[in-house]
Amino acid sequence: MSGDGRRGRGGWLRFTKMHGLGNDFMVVDAITQPVQLEASQIRSMADRHLGVGFDQLLMVEPPERPDVDFRYRIFNADGSEVQQCGNGARCFARFVRDQQLTRQHRIRVQTATGIMTLEVTKKGLVRVDMGVPELAPAAIPFAADEQAVTYPITVDGQELSIATVSMGNPHGVLVVDDVDTAPVESLGPLIEAHPRFPARANAGFMQVVAPDRIRLRVFERGVGETRACGSGACAAVVAGRLRGLLSERVTVELLGGPLTISWPGDGAAVTMEGPATRVFEGRIKPPGDGRRSRQGGGRPQNNRKKKGNA
Ligand SMILES: N[C@H](CCC[C@H](N)C(=O)O)C(=O)O
């Protein structure tokens with residue numbers, strides 16, 4: 001990945017531990033320190049007993065194009081590089097301001113699939129333009145002959161009705177009666193690895209409380225169940241609106257707390273607003289030596305066409 005293979009003095013890597021509603025991150029500044037990490041090293045640092053412990057590692061890199069402020073890279077706890085992390089985007093905005101890498105309130109970042117605008121609000125929350133959702137099966141990617149609001153899918157011998165949405169990363173969304181009793185532990189991993197999701201998927205379990213309020217649990221690709229999933233909240237609202245169940249602006253209640261998600265409808269971007277919290281600063285010597293055989297560090301999980309959201 002980025003950097004020239006050397007790390008900071010003595011091989012120590014500076015990081016900041018952050019979270020968005022309990023979805024937690026190791027945030028690494030790859031601008032003021034050289035960083036090169038292999039997928040195996042990310043997996044080791046993700047370990048909650050032997051490493052830092054996190055759901056995702058977020059990398060802050062210099063911009064690769066003149067119309068953005070930073071490059072934003074995301075790695076799941078299993079070491080896979082992915083295209084989107086909504087809770088991470090909020091923490092990214094707080095991080096680059098706290099570290100004085102920018103003084104801007106509106107920050108444009110380039111991800112593996114597009115450009116996002118992050119805005120730190122006067123209330124200290126962060127508003128993120130999450131881009132226009134993709135619904136075509138090929139964009140998710142999901143095996144289906146044509147686009148539909150929901151698809152029949154067999155999981156563990158059960159016939160389910162699943163919606164699929166890409167926010168840059170793939171989501172399968174189920175409607176359930178009660179998230180507290182939803183089969184997240186049993187069905188989550190089976191949906192994540194279902195053969196109809198060739199790039200795997202994040203599995204959302206959505207309970208509609210009212211047109212402007214849902215409860216949501218997410219079994220995240222490459223991690224497992226997290227306390228919150230920002231892109232999952234966006235995907236659930238899109239899926240719910242397409243089913244005629246939800247209004248334009250929805251409060252999404254996740255295990256870790258609420259997000260406000262707005263989606264005017266087809267062709268429009270999804271907006272997410274919520275908190276970003278810094279927990280501690282630290283240094284770690286990544287296990288092993290990043291200079292051994294270069295891996296791609298995990299290919300982006302699916303090739304959503306590149307486009308700006310501006
Ligand atoms: N597990 C996700 C990436 C992180 C998404 C989540 N943490 C968020 O806040 O959007 C994936 O493999 O697509």
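In each ligand, atom 1 is the first atom listed, and ligand 1 is the first ligand listed.
Side chain to side chain, D177 and Q207 fail the donor-acceptor criterion of an N or O pair below 3.5 Å. Looking only at atom types and distance, the side chain of Q83 has no donor-acceptor partner in the side chain of T111 under 3.5 Å away. Between the side chains of D47 and S44, no donor-acceptor pair of N or O atoms lies under 3.5 Å. In the model, E159 has a side-chain atom that pairs as donor or acceptor with a side-chain atom of T154 under 3.5 Å. One side chain, E281 or T16, offers a donor N or O that lies under 3.5 Å from an acceptor on the other. No hydrogens or angles considered: a donor-acceptor pair under 3.5 Å links the side chains of S231 and N169. With hydrogens and angles left out, the side-chain atoms of Q56 and E220 include a donor and acceptor closer than 3.5 Å.
The proximity of N23 to ligand 1, defined as any non-hydrogen pair under 4.0 Å, is limited to the side chain. Only side-chain heavy atoms of N76 come within less than 4.0 Å of ligand 1; its backbone N, CA, C and O stay farther off. No part of Q83 comes within 4.0 Å of ligand 1, judged by heavy-atom distances.
When ring centroids are compared, F25 and F54 stay outside the 6.0 Å threshold.
Every heavy atom of D55 sits 4.0 Å or more from the atoms of ligand 1. For the ligand labelled ligand 1, residue I74 lies outside the 4.0 Å heavy-atom shell. Residue contacts with ligand 1 include V82, since one or more of its heavy atoms lies under 4.0 Å from the ligand. Not close to ligand 1: G222, with no non-hydrogen atom less than 4.0 angstrom away.
Considering backbone and side-chain atoms together, G230 places an N or O closer than 3.5 Å to an N or O of ligand 1. For G86, a nitrogen or oxygen atom sits less than 3.5 Å from a nitrogen or oxygen atom of ligand 1, counting backbone and side chain alike.
Using cut-offs of 30° and 60° on the angle between ring planes, the pair Y151 and F142 is tilted.
Taking a cut-off of under 4.0 Å to the non-hydrogen atoms of N87, the atoms of ligand 1 that pass are 8 (C), 9 (O). Residue-ligand proximity, Q56 to ligand 1, at heavy-atom distances under 4.0 Å covers atoms 1 (N), 3 (C), 4 (C), 7 (N). Taking every heavy atom of Q84 and a limit of under 4.0 angstrom, the matching atoms of ligand 1 come to 3 (C), 4 (C), 5 (C). Near S231, with a cut-off below 4.0 Å to any heavy atom, the atoms of ligand 1 are 5 (C), 8 (C), 9 (O), 10 (O). Near N202, meaning under 4.0 Å from any of its heavy atoms, are these atoms of ligand 1: 1 (N), 2 (C), 11 (C), 12 (O), 13 (O).
Summarising the local packing, CZ of R213 is surrounded by 12 or fewer heavy atoms from other residues, nucleotides or ligands at distances under 6.0 Å.
Nearest to atom 5 (C) of ligand 1 by heavy atom, out of E220, R227, R90, is E220.
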